[in-house]
Asker: 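This is the structure I have questions about; it appears just below.
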Amino acid sequence: MIGRLRPEAATALAAAFFVAVLNLAFWRQLFATVAPRNPYELLFVAALVVVAFCCLVLFFGAFAVPGIFKPAMSLFLLASAAVAYFTNEYGVAIDGDMVRNVFLTNAAEAADLITLKLVWYVVILGGLPTLLLWTCTITYRTFWQEVWFRAKATTVLLAAIVLLAFPFAQGITSVFREHRILLHVFMPLNYLAALADYVRPHLRSHAIASVPLGQAAHKGGAWSGRSGRSLTVLVIGETARAANFSLNGYDRETNPLLSKVPDLINYTSAFSCGTATAQSLPCMFSGLGRSGQTGPRTIQREGLLQILQRAGFSVLWRENQGGCAGVCKGVPIEQLERAGTRALFELGESRDENLVKGLQDKIDAMQGDSVIVLHMMGSHGPAYYKRYPADFERFQPACRESQFSRCQRSEIINGYDNTIVYTDYVLAQVIELLRVNDKRGLPSTMLYLSDHGESLGENNMYLHGLPYALAPDVQKHVPMLLWVSPQMQAEFQIDTACLERRRHEPLSHANFFHSVLGLLDVETKDYTRELDIFAGCRRGRMAHPAR
Ligand SMILES: [Zn+2]
């Protein structure tokens, strides 16, 4: 018998053990990421240590109930010791995919992973503290005394977290945003979140059945009598804000190539329906707009790409980023660079030119009328400098840190503007490729739309993801560009002069879904003519299509 402990002492000891021992890999990586150089940055790391400790005390405190605390803590200790082994040994990060892999691992594969070292990890780092815990007696107060004490302790801990985190809020946001993977290393929250990620869709598929859309979707009259193929390229931008496109009047030359493309239509008043990729993508592809945005429900609902497939189009999603937020379900996906590489902290530089490289081969290999989605890495921050090759560093000096506190605001903006110059180049390349295909008899269209904007220091705000109602326009006003090849204009009776005249009308992500259906003349009950930018701009027999 070691002794008697109050529950708060036991939780504090457990939290200290997690911070100091089981989470060593986390601190090592954090230290390498931040690479503190001055007292401010050292304080930043120190504050994070204390914040992590307070969070763990709060978390473990929730289990400090007679009959639950010891079994629960034993599980956390043993599981964390095993996970610590895999993190240290293989550098794996724990996420939902990893848990899926664990459940899919067969006995033979599992046997390969069980080494003597793993056993030692579990025995020493998990077994010993568990043993110590069971030899202690936890002495709880009476129920109301315990409630009152916990209420006071929780208040103090929360206040400490806020006070310590607040001065470093900007640093914390930029470090964890750029190095999201750090969140997959912090125990035990990493594997608990991963487990939840893994389990959630299983629960959801019972709760909300996937809503099929456009079951009777089919190609309309514009397609009758056609024999050749057609090509539509939808480019989904990342973090590009309209304000920094010289096409929209920005005073720096960020669109040197696109500004020379004849017949390019630049929409000047397009607004996103979210301020983060995970909100915007489902919104763009569901056609529901902001009103229909209900998180998981939108993801479960089928969308544009599934309707197009049902209407007979070949669809391909080329991914140069972290994923399609559920909108490409059932669509062939080509992952250009594995954004979620398992090796820790290897940040891919995923250049967007890769989306154009090999694109012709894809076009040639596809059958019939094709729709290709290019999902860009775009201007994803805070490491803007990683998004473009050296030749595109037009604006100098550019911030070459992901910690904004180390750069001047002007350097951050330079870095961001360089990403736009590079996006300009990539989009111009896509259009050039489509122009060549058009000359070879393949009518084609490119529609580019960014998922959301970005704050670049206006009112001291950076990055994006603010709640929609609070977010400034720079996070919501997005560039939108349309290029329709001459043959496409002729065959589908698209009046580009009319489109050009109407390019200043207010638009949103909701228009994306209905406009693509309209452009491709897909007849389905899910189409709303009022939201189709092409609706009033068709010539001849398509001017008033019967729907
Ligand atoms: Zn995004």
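Both ligands and their constituent atoms are indexed starting at 1 by order of listing. Keep in mind that the numbers below use all heavy atoms, side chains included, and drop hydrogens, waters and symmetry copies.
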Asker: Restricting to N/O/S atoms, is H380 within less than 2.8 Å of the Zn ion (ligand 1) or not?
Answerer: no
Asker: Among T254, T419, D417, find the residue that satisfies the side-chain hydrogen bond (donor to acceptor under 3.5 Å, both in side chains) test when tested with N244.
Answerer: D417
Asker: Taking the six-membered ring for Trp, is the centroid-to-centroid distance between Y384 and Y416 below 6.0 Å?
Answerer: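 When the ring centroids of Y384 and Y416 are compared, they turn out to be within the sub-6.0 Å range.
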Asker: Answer yes or no on whether R351 is positioned over the face of Y388, meaning its NZ or CZ is under 6.0 Å from the six-membered ring centre and within 45° of the axis.
Answerer: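 Here R351 fails the 6.0 Å and 45° test against Y388.
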Asker: Out of the N/O/S atoms in D451, what is the name of the one closest to the Zn ion (ligand 1)?
Answerer: OD2
Asker: Using 30° and 60° as the class limits, which term best fits the ring planes of Y422 and F392: parallel, tilted or perpendicular?
Answerer: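 Y422 vs F392 ring planes: perpendicular.
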Asker: Hey, is the Zn ion (ligand 1) within less than 2.8 Å of some N/O/S atom on T277?
Answerer: yes
Asker: What is the name of the N/O/S atom of E238 that is nearest to the Zn ion (ligand 1)?
Answerer: OE2
